Student: 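Below you'll find the structure I mean.
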Amino acid sequence: MRIEVSFYGFVRDLVTTPKLVIDTSDQTTVREVLDSVVKRHGERLRERLLSATGELAANVQVFVGEQPTTSLDQSIDHAHDHCAEVKVFVLSATAGG
Amino acid sequence: MARTEPFQIRIADLRERYRPQREWAEGRGLLLILAHFFTGAGAGAWLFAVPLGSDTGLVAGFFLAVLGAVGHLFFLGRPERFWRMATRMGSSWISRGLVGLSLFLVTAFLYLALLFLAAHTTTLGSILLALSMLGALWTIIYKGFVWASSKGIPLWNTPLVPALYIAYALRGGAAVLILLAGLGIQLGAWEPLEPIKLWLAVSTAVLVLIYLEVMRGSGMTALRSVNLLLFGKVALPFYLGAVLLGLIVPIGIGSFAYLDHIPAGLLALVGLLSLLGDLSIIYCIARAGLYRPLPT
Amino acid sequence: MVIDLKKCIGCTGCALVCKAENATPPGILWLRVVKHETGKYPQVRRVSVPLQCMHCAEPPCMEVCPTGATFQHPNGIVDIDAELCVGCRYCMMACPYDQRFFLSAERTYFPGHTTPFEQAGYQRHQAGVVSKCNFCTPRLQRGLEPACVANCMSRARTFGDLDDSNSEVSKLIRDRAGYQLHPELGTNPSIYYLPP
Amino acid sequence: MQTENAQEDLWIPTTCGLCYSVCALKVHRVNGTVIKIEGNPESATNRGRLCPRGVSGIMLLYDPNRVNVPLKRTNPNKGLDVDPGWKEITWEEAIDTVAERLRKIRREDPRKLLMTGTVTTQDEVPFSRFFTMAFGTPNGWNSGAGNHCGTAEHLYGALLHASWAKQPDSDHCRYLLNFGSGVGSGSYYTVTGMAQRIAEARLRGMKHVAVDPFLSPSAEKADEWIPIRPGTDAAFALAMLNVLLHELNVYDAEYLKHHTNGPYLIGADGSYLRDETEKVPLIWDPVDAAAKPFHSPEIKDFALDGVYAVDGQRARPAFAVLKEHLAPFTAEWAEPITTIPAATIRRVAKEFAEEARIGSTVVIDGKALPYRPVAVMYFKGAQGHKNALLNCMALELLTEIVGASNVPGGLLGMNSCSVGEPETGQPAWIPKADRDGLMITGYWPSFPPPYPPKEVRATETIDLRGLIPTCPGSSGALPVVMADPKRFAVPYQIEMNLHLGSNYLMTFADPEAVARAFQNVFQVSFALFLDESTYLSDIVLPAASYLERLSHTADWMSSNAAVGEWCYHVRQPVVDPIAQRRSVCEVLLELVERLEMREEFYAFINLLLKLKEPHMLDPTRCYSWSEIVDRRYKSVFGEARGLEWFKKHGVLKWPKQAEEVYWKPSSSARVPIYFEWFKTLGEKVKAQADEIGIELDTSAFQPLPEWRPCRAHEENSPGYDFYAIYYKLPMQTFSGTYDNPWLDEVCQTNPFAYGVAINASAARQRGIEEGDWIEITSVATGHTVRGQAALTEGIHPEVIAIAGCGGHWSKYLPIANQDGKGLCFEWLIPVGLDNVDIPSLTQDTCVKVKVVKATDRGSKRSSRSSRLNDLNHLNDLNPG
């Protein structure tokens, strides 16, 4: 399966590219995808994306297709066409009343 | 606080429990005080000048009244509509006053014109004189009722106020004539005035005391007003103007006159001080006017 | 009109909606809210009381008016015909509720600047005359409630016919012991307050 | 430009933007001129009514003191009192300058960009956040709300009510215990709607007990006013809890068993006991005398009390731990702290317990629901203190213990649950349970929600929220960190601030200290007025007011009252922007093009506005602002209800269902009464802070409430014998409305709006009479502010109360900057972490002050620090 991983916000600066294409097995999870991204781009990215316990960092938002996910164990299914889409965002905290 | 504009002062007043009236005492409101003073003193002078046969007194009285009328006119927000004020004789003391004052001014003017042009008495002259005296009397009487019929201001809303105003107008009239005499331009006999003047001064003083005492007992608002007069922001003009200059000094000098002949200069001073005193008391009572407490 | 002091929160919205509706110039507050405190710490009560023209059945202001500018509509509303007013301010001295305002000179909210709103609205106000609340008579003629009633954000105001004993206002006055301000003066105000 | 059509007479629907309540408006425009703003009766939010601010918007629209052209600074020196020397420039030049700066920063490190906004620009702030996120900075600060933000309150909103804020169930509540919130009195959320609803509730017979140092606008409407020493609300609440659990034995066992973590077993170390396989918390089933996973279908009953041995460990249900913890906090203990007699505390607790009617039900929409008509409200008053986390916990537990949380009559989250509009099923959110069975909000206006607990990390943001993830809103740490980022191991310094309508110098704390943090920042202000904070700006851009702009969303989570109808509104311009004013969102779209970040920006819009095909933005083309807004509406409400529909109709509404309002009985998500994870979180924060090398007092991270003194309580300098507190007025919003001449006029008729409320006897003892000028000196900042005494019996004798945010000094605010127009409270409050509640980063807002009668009666300075004149030394230290 081909997975297109897009980066936004300041993750993009660390990845130095807005988009990566990864080829994986048909059964994969968000964790595996991020691991492979981190492998390519180094530990600094891991620090930003993942917490010390290896979970998704608080202000990182991952979308699989149009669905947001909070769990790294979310599996990535074969999309309608051949390519699944994973978007990785770093959101900044907001609000105050 | 930088509340110098009248509208800012008005807003600041609105949060007071006892709000001062300002329209009839401050800013252009001073014109109204002067108007009441001048018309009162003028009409008073006219009334005294007739029996004393003082033509100068008549002229002075007339012109003072004219001055007062001008003051009245320019106090109005819309002077050009002044004539409308004559239309509510049935209920409004201002309407009544305008008619009385007009009667006085018109007939006094005609009488004076006749006096100086024809230089002798005629029946017409007598009628005019009688009418003018009626007008003058009317003018003297109505003023107090204008204030007394103001339901919003408890200090004024009493029958004592008309009595006080009548007393002050008469005293003012007498004072005008005495002032003229002191200045050496009094043509008629003024000596009879002196005891009248003294009596008026003493009785006015008594009346003021009674008035203040009665008002002290007429509810919280009137009491506060009296306190303003006696101890508050109006105390200075009250003690200095109304009491010292207007009552004590003239009474003192007046009493002295019984013992000895008064020099002309002193006489003029008595007249002038009395007038100042009259003006002060009108001003003070106006300034001390407070509205009733709201909400209760 | 009935003003429920239990509901009123003293926000002054009525004072300003009156200003907006009637475009009253600076310093002219046809409607205001006062705070009234009673008691000693810690047993204290502070009540907000909106005040405006009481539309007295026996209006002392009308009695003293020398020109007839102050008049009473057949429905009891006390109004001023600005064209007749000479600005003697006698009515201001006669009103026991201090609810009349004299506009001494034309003035705008921002010195030296007239906003488009003021340009449009101030034509209704001439200098040199006295003005006051008229229960939004122009609104009433369009079948609307006075602005202060329509906007009150705690719905503390009820407008209606006091002469009709079945009206909402009459019922409220009966059920909740509505009272008038300074009833001892015999002015018989048309504004009743419901106790807090 | 405005149409000059003599026939024009329009009523245009839109929304108010003068506070966070977002009331619906109908604006009357005649021949191009706005002549009246009325409440839109179609809207359930305000039901046709407006507060004084809303009515006065005309004067904001046409205020000649508004910023009408772009300006740039010519004076290189910056400071509180230093005139920037404004020079008019063209929009072209302004955008060029801003774009160039942004490009440079983005190249170097995008995190050097900060955006400050406030809740009165809450339609623009979220969109601007998309900009900053796409830009690549995590730094934002809702600064205009600083002192006013219910920071810790919002945290418990998330943890217990699945909502940003909460309200009493105005339709059913019978006993409202209010610790200083303005609900129903002209401040707080959905002001106008709640004013009506609470007024109705008063008539209905709801008893309102106000616990407040000052007989505030809210306490004035209470049936009983209980004056309390500032910052001791938690002691009162703890004593009430003590009476409930140890004297009256009143609690809602059913609720605690099924809807809280009360039955979860707590081990000796204070943590949950978890089962071996699933690692989920255990409970004790007294019927089977066995520990079971909390969600086990085999549970016959939950134990709330007792001590049990589980796998050799001693374990007790959380409720039992709580109960024992409360034992020392008796009414007698609280009396000297709060100054409230123990008998009063007992009586209130008894009334509260009886009125809670535990066990009773009410039928709503055909369903029998628990009926608990009591609610405990608080906001900045009770929570604006050091130890806000523990204070709020105590207050919240009152509601939870009697089961009055999100059930009829009780305390309701504001729109915790939405099943969506009937046709489209959108927008929808629902609280759900995490693996521990505890509730995660269905929707949270900020990101991420405060629960589940987040990872503690070396702070990356300038507000310390990475290190302390429990802070849900305005961080009290930002000016501290910004002034010295190195100390906090923040690897960059803020270089630029996009400043969206917040006057942070007057709404946070000591303006001098806050100014120091911002002094070296290139500040671009979208401004309505040249207020105090724009004195620090380099570029000022003329912003369109809410009456001149279009918004992608007028509403947010707390726009609708908890009960009633769902209501979505439009915000559209009622006149074209006057002069050269422009909408912030439109300017940002232009900047996006200039910075060539369209692709990312659109991606964020698509995602965060949840745009759906075919309305998603295509990065290969450029959209206008109104197109984006149209797509937003169509994505949520369907093809037929785009922008044009909303512009015409103004309001879309539908009734709320009972299970949306009273969602708790049908929800499987539990809420904590024992905040188990706080302890470990605190330990992590401590460890991380130690690693960074900063000293942080993390002792307040604990699972159960206590009362701890504020700094002010321990301050014993002679002469400093008053607590200064502040409160909100119904006729002003923060500092932003003080130049409005209409609001100014009504404030002048109110003795407290611009004055200093002081106890009459206490004042007279010091020779202070009504209207006297007094000087108030803060022990913490050394600053002195001047104001006029407003003597009242309705205030605690130890307290002075200052309303709102008056005391402006900008020379460009000619109405607000006059003497006697209130005081700037912030001069009294110090900036610093020792004045902040660490777990919630809440700024403490009470301080000890000295109050003396002013001797120099001629002085015009009413509101300024006497030290201000010496402030220019700052410029010497930091040139440019």
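Each chain gets a letter, A, B and so on, in the order its sequence line appears, and its residues count up from 1. Everything numeric in this text was worked out from a predicted model, so none of it was measured.
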Student: Is B/Gln21 close to C/Met92 at the side-chain level, that is, under 4.5 Å between some pair of heavy atoms?
Tutor: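 In short, these two side chains do not touch, never coming nearer than 4.5 Å.
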
Student: Measuring only between side-chain heavy atoms, which start at C-beta, is B/Ile94 closer than 4.5 Å to C/Val64?
Tutor: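 With C-beta onward as the side chain, the pair stays apart.
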
Student: Do you know which of C/Ala69, C/Pro96, C/Cys91 has the most heavy-atom pairs under 4.5 Å to chain B?
Tutor: C/Pro96

Student: Using a 4.5 Å heavy-atom cutoff, which residues in residues 149-164 of chain B come close to chain C?
Tutor: B/Ser149, B/Ser150, B/Lys151, B/Gly152, B/Ile153, B/Trp156

Student: Between C/Arg32 and B/Ile11 (side chain of the first, backbone of the second, donor and acceptor by atom type, cut-off under 3.5 Å), is there such a pair?
Tutor: no

Student: Which bit of C/Leu51 comes within less than 4.5 Å of chain B, counting heavy atoms only: side chain, backbone, both or neither?
Tutor: side chain

Student: Is chain C contacted by the side chain of B/Arg17, its backbone, both, or neither, given a heavy-atom distance below 4.5 Å?
Tutor: side chain

Student: Here's one to test your reading of the geometry: is the NZ or CZ of C/Arg89 within 45 degrees of the ring axis of B/Phe75 and under 6.0 Å from its centre?
Tutor: yes

Student: Please find the pair of heavy atoms, one from B/Ser92 and one from C/Cys65, that lie closest to each other, and give the distance.
Tutor: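 B/Ser92 and C/Cys65 have their closest heavy atoms at CB-O, 3.5 Å.
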
Student: Counting only heavy atoms from other residues, nucleotides and ligands, does the tally under 6.0 Å from CD of C/Gln119 exceed 12?
Tutor: yes

Student: Is there a donor-acceptor pair under 3.5 Å between the side chain of B/Thr87 and the backbone N or O of C/Pro66?
Tutor: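 Checking the backbone N and O of C/Pro66 against the side chain of B/Thr87, a donor-acceptor pair under 3.5 Å is found.
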
Student: Taking 4.0 angstrom as the limit, do B/Arg81 and C/Glu83 come out as a salt bridge?
Tutor: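 Yes, this pair counts.
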
Student: Name the region of C/Tyr97, side chain, backbone, both or neither, that has any atom closer than 4.5 Å to a heavy atom of chain B.
Tutor: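 Its backbone and side chain both get close to chain B.
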
Student: Mind running side chain to side chain contact (heavy atoms under 4.5 Å, CB included) on B/Tyr291 and C/Gln99 for me, showing each step along the way?
Tutor: CA-CA 11 Å; B/Tyr291 287 98; C/Gln99 288 303 337; over 6 Å; no

Student: Tell me, for B/Glu23 versus chain C, whether the close heavy atoms (under 4.5 Å) come from the side chain, the backbone, both or neither.
Tutor: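 Both backbone and side chain of B/Glu23 come within 4.5 Å of chain C.
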
Student: Do you know which of C/Leu103, C/Val86, C/Val49 has the most heavy-atom pairs with chain B at a distance under 4.5 angstrom?
Tutor: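 The answer is C/Val86.
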
Student: Heavy-atom pairs under 4.5 Å with chain B: which of C/Leu84, C/Val129, C/Val130 has the most?
Tutor: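 Most heavy-atom pairs within the cutoff with chain B belong to C/Leu84.
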
Student: Do you know which of C/Leu29, C/Ile28, C/Asp98 has the most heavy-atom pairs under 4.5 Å to chain B?
Tutor: C/Asp98

Student: Verify the neighbour count for atom CZ of B/Phe109: are there more than 12 heavy atoms of other residues, nucleotides or ligands below 6.0 Å?
Tutor: no

Student: If you round to the nearest 0.5 Å, how far is OG of C/Ser104 from CZ of B/Arg10?
Tutor: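 Rounded to the nearest 0.5 Å, the CZ-OG separation comes out at 11.5 Å.
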
Student: Is it true that, when you exclude B/Phe63 itself, more than 12 heavy atoms of the residues, nucleotides or ligands shown sit nearer than 6.0 Å to its CZ?
Tutor: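 Incorrect, the count does not exceed 12.
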
Student: Do the side chains of C/Thr67 and B/Arg88 get nearer than 4.5 Å, heavy atoms only?
Tutor: no

Student: More than 12 foreign heavy atoms under 6.0 Å from OH of C/Tyr122: is that the case here?
Tutor: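 Count over threshold, so yes.
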
Student: Hey, is CZ on C/Arg176 packed in by over 12 heavy atoms from elsewhere, all under 6.0 Å?
Tutor: yes

Student: Considering residues, nucleotides and ligands other than C/Tyr179, do more than 12 of their heavy atoms fall under 6.0 Å from its OH?
Tutor: yes

Student: Chain C: which of B/His72, B/Met85, B/Glu80 shares the most heavy-atom pairs with it under 4.5 Å?
Tutor: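 Counting heavy-atom pairs under 4.5 Å, the top option is B/Met85.
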
Student: Given a strict heavy-atom distance threshold of 4.5 Å, which part of C/Cys88 is in contact with chain B: side chain, backbone, both, or neither?
Tutor: both

Student: Do C/Val34 and B/Pro295 touch side chain to side chain, with heavy atoms closer than 4.5 Å?
Tutor: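 They are in contact (side-chain heavy atoms under 4.5 Å apart), so the answer is yes.
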
Student: Pick one of side chain, backbone, both or neither for C/Gln126, based on which atoms fall under 4.5 Å of a heavy atom in chain B.
Tutor: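 Looking at C/Gln126, backbone and side chain both touch chain B.
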
Student: Quick check, are the ring centers of C/Tyr90 and B/Trp93 under 6.0 angstrom apart?
Tutor: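 No, the ring centres sit 6.0 Å or more apart.
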
Student: Quick one: does B/Leu294's side chain get under 4.5 Å of C/His182's, heavy atoms only?
Tutor: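 Answer yes - side chains close enough.
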
Student: Are side-chain heavy atoms of C/Leu185 and B/Arg292 found at a separation under 4.5 Å?
Tutor: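 A side-chain contact under 4.5 Å exists here.
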
Student: What part of C/Pro60 lies closer than 4.5 angstrom to a heavy atom of chain B: side chain, backbone, both or neither?
Tutor: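 Just its side chain gets close to chain B.
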
